[in-house]
Structure formats: C-alpha cells, structure tokens
Protein chains: 2
Amino acid sequence: MKIDHDNPADLSAQIAEAIRDSIISGAMIVDERLPSESDLAEQFDVSRSTIREALKRLAAQSLIRTQRGAFGGAFVNRLSYDDAREQLITTSTLLLSMNEVSFDTACEARFALERACASMAVERRLDAHLDIMEREIARQSDADLSDEAFCASDVTFHRALVDAACNPVLSYQLSGSIEAMQPLMNMITFTARSRAQIIEIHSELTEALRARDTQAAKNTLNRLESYTKQLAHAVMSAKSKKRH
Amino acid sequence: MKIDHDNPADLSAQIAEAIRDSIISGAMIVDERLPSESDLAEQFDVSRSTIREALKRLAAQSLIRTQRGAFGGAFVNRLSYDDAREQLITTSTLLLSMNEVSFDTACEARFALERACASMAVERRLDAHLDIMEREIARQSDADLSDEAFCASDVTFHRALVDAACNPVLSYQLSGSIEAMQPLMNMITFTARSRAQIIEIHSELTEALRARDTQAAKNTLNRLESYTKQLAHAVMSAKSKKRH
DNA sequence: GACTTTTAAATGTCTGACAAATGAAAATTG
DNA sequence: CAATTTTCATTTGTCAGACATTTAAAAGTC
C-alpha cells in the first residue's frame, strides 16, 4: 500500500480511494477492522491527520464506521438498505435542485418507475400494504392537515405501493426517486379541490391492487401523472402571471 | 452557526451536517464560496482540523470542491449527472454485494425498471441510439472477446436502450442500477452458445425499437430476463455440485 | 466468584508550524 | 504607456506532537 506523494491530488483522496477499492473488490470484508490510524499513517507514510481525513471521506459514504476506545477503530460497515436509501435521496434531491430538471421530466421518470412496480405489486401485495395505503388515505382526508403533512403522507402512500412489489432492491431505488421529488411537490399548494381529486385516485389505486387488476392500476397511475403535471403547470403559470 | 460540544457525536459530523443542510435547503447556492477553514473554525469554535474533517466528508459526497491558493477555498459544487451516477453505482454495488441479495431479486428489479424505459424508448428513440446498439451487437459477435469485455459491451448496449427514453433522470437512475449488477453478471461465464442466444435477443430488441413496437420490446425483455436467470441458476448449481 | 480498579489502546480534538498553490497587486522593463 | 515579471498575501494541504475521552480487557479486591 503505497501512495504517490508527487500526485497533485490530495493524499487523503488517494488513500480513501485505495481503501474504498479494497472494500468494493471484497479484499476487505464486512466488519473487518482496519489498522489503527497510527498504523495506517506508517503504512502510507503520511501523517495521522491525513489518514483521518481519508477515513472521514469513507465514513461519509457509510463505507466504514468508527468506534472509540481500546479494541475500537474503523470497521468495514455493512451498507444497510436504509443507509443506501438515505444517500440516494441526498444525491437525487441535489441533482434535481441543481440541474434545472423540469418538473415534467422528474415526474415522468418517477411515474415510469412506479408503473413498473405496479404490475409486480398487483401480484404480490399483502393485506398489510393495503392497510398502510388506506391509513394514509384516511389521514389525507383530514382537512386540517398542513400541505407539508399531506405531502409526507403522499410519500408514505406511494412507498407502500412500491414495497408491495416485495422486491427490496426495487424499494430502495424507487423510494429514493419518490422522496427526492418531495421538494418539487412541496411547491404545489394543494387546494381542497385538488386534495379531493388525489384522494380519489389513491382510493382507486388501492382498490385496483386489492382486486389484483394490473390494467386498472396502470391506468390510475397514468391519471395521477397527468393530474400532477396539470397541477404543477397551474402553479407555474400563476407564478409567472404574478410576475407581470 | 453553533455546535453542541457536549453532543457525543463527532463535531466534524455535526458541522458537516449543518453545512450540508445549508446546501440542500438552498441557503447556499451553487458556486458560492464557503468561509475559509480558519473562519469556519472560529465560527463553530473548533480547531481547523475538525473543520477540515467536516469538509472532507462533504467533498466525498461531491457537495463541495476545494481550490488552493489566494481566492481559493471551498465552493458549493454543482452535482453533475456523472457524479451522481458514480455515487449511485458505488452505493448500489455495495448494497448488492453486502446484503446477500439473491441474483433473482436484483435481476427482477433491473428488468422491471428496464421495461419501464422500453415503452418510452419505443416512442422517442433516435437513430443514434439504434446505431450504438447495433455497434455493440457487432462487438459482442466477436468470438475473441473476453467475458469481461462482453459484459462491458452488454452494459453499453442496455445503457443506450435506457438513454433512448430521452429522460436524463431515468437514465441516471437506471444506468446506476444496470452497472451495479455487473459484478453479479461477471460471475456468469458466457459460453459461445449463450452468447449467441443473447446476441439474438439484443438484435430482436433493437428491431422492436426500430419498428416502434412496444409489445415486442417488452416481450423480448421478458425473454432476456428469463434467460439471464436461467444462466445464473446453471452456474450456481454447477458450483454447488463442485463443492460436493 | 462477583465486583471494582487499573491500564493500555484507540479515536477525538487542539495547537502551531511550514509547504505549496494561486491570483492580485506592485514593481520593473521595453 | 503597455507588457512582463516579481512580490505578496491568502488559502488549502500536510506534518508533528500533545492531551482528552472512551472503552474493554486485565488485574486486583472482597
């Protein structure tokens, strides 16, 4: 394990990459302990601060976890679905907010993926999934609910739909995509009228899943996609009118 | 900007989170310069090393970039599609390798997503996409191609299919999913016979896209999914036989 | 044997220093 | 005056050494 001191790139970045490669390649396995910071400093022939910066980079990606005390140290971390989802959400949210992605593009991607889940969910959904969806529909029907809480409930509803496909990899990918869109959805102020419409579509979707009717589920999702886009367009044109 | 020195969590983690929140919330915009490390140290009332560890955490997530020299410093980074994809691939690859996800589960998720792209790709594909797909089919037909190169070409082929949907958000999500599966695909040693079969399916898929035939495209993807699973099962049972 | 104390090892934090890069400003030169 | 070179202040990158804190094993005690 040697590092190029003449490389213009940061030493800590090079070291982080070297360790990351060992982990990804499988040379280091889950829960294996890395050498202590002092040992690593000696091995790579750099100072302890540099090693620490490298380790912090890896920790930020949930590749390692650290523990203080004797017999503590840095350990290769098992990346959980929740950690992975968390990172996916951060990345996707930033990507959407920083790259002038149009609402329609994001919306289209989201519903394309969600429709892919729908046909699997129709076959595999359990009663537990339907229960969650109905619970959220009930919550959404509360007129006192704030817009933020309405959106949060919407996320929970759709996450249940995705989970109903009973494929954890799909759940991980999709829930990231759905949650990343929440900031965009929050721009839309939901009127009483639009809430009623969305709740109706949610109910229809739940019933399609209950009846295991693939086509109905897809049609309903199409309707929701159009309606969501329509709402967004209304908000945008109202905003641009205000500006004039 | 104050930090709780009594919090058991690392100071650098707390500080990184505080800065990350400013970026995600939009309080700091793209290309905006953060205060210098010394200034941040003073603001948060910690040492410069602690600040540096926090900044390295953010750099590892491509949230900031740093530049040396006068008028250098740390700047909020615009997260590009490529950076985002890179992170998604790392995360997904680790998730699959560390969590005993079955080949079938990963495969199922991948093709579910890819089918979602197919119907959009049928409508929007350009000739350029078909050209790439045909080029890769030609490459795959070369008998001298190594298994690794065959897999790499396979990834390029499917990425072209995904890109044909002409939705960058979808491309970002899907190419991550597809590339993350490559280590699993590499386990399969492709015989001449299975290569011929896959190439045939690829050709069929390209033709379906050319003819803008949605149903044919979906059916072909289903066939590829079954065949991929079948190959993987053959490899696994061969391996377990060897062990006995 | 059960409990307490000690101790060694490791990470977390701080301080102070110097190297290297870099762009602006000042000085120099034609 | 214009172009070039030099100087210089600022900022990140790296290092060395110190001390605080945490932790679990080991030793000691009853």
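Every chain is numbered from 1 and lettered A, B, ... according to where its sequence line falls, protein lines coming before strand lines. Every heavy atom of this structure was used, including side-chain atoms; hydrogens, water molecules and symmetry mates were not.
Considering every non-hydrogen atom in both Leu113(A) and Ser177(A), the closest pair reads CD1-OG, 4.0 Å. Shown here for Gly73(B) and Arg33(B), the closest heavy-atom pair between the two residues is CA-NE, 4.4 Å. Here the closest non-hydrogen pair linking Cys107(B) and Lys229(B) is SG-CG, 4.0 Å. Heavy atoms only, all atoms of each residue included: Leu79(B) and Met98(A) are closest at N-SD, 3.4 Å.
One can find a donor-acceptor pair under 3.5 Å joining the base of dT21(D) and the side-chain atoms of Arg68(A).
For the pair Glu136(B) and Arg139(B), the salt-bridge criterion is met [side-chain N within less than 4.0 Å of a carboxylate O]. Between Glu108(A) and Arg124(B) there is a salt bridge, since a side-chain N of the basic residue sits under 4.0 Å from a carboxylate O of the acidic one.
Residue contacts shown for Arg65(A) are absent, as no nucleic acid heavy atom lies under 4.0 Å away.
Donor-acceptor pairing under 3.5 Å is lacking for the side chains of Ser153(B) and Thr156(B). Side-chain contact of Ser175(A) with Arg85(A): a donor-acceptor pair under 3.5 Å is present, judged by distance alone.
With a heavy-atom cut-off of 4.0 Å to chain B, the contacted part of DNA chain C has its first and last nucleotide at dG12(C) to dA24(C).
Between the CD atom of Glu37(A) and the P atom of dC15(D) there is a distance of 14 Å, given to the nearest Å. Between the C1' atom of dA16(D) and the CD atom of Glu42(A) lies a distance of 14 Å, rounded to the nearest Å.
Within residues 46-57 of chain A, the residues that place at least one heavy atom under 4.0 Å from DNA chain D are, in residue-number order, Val46(A), Ser47(A), Arg48(A), Ser49(A), Thr50(A).
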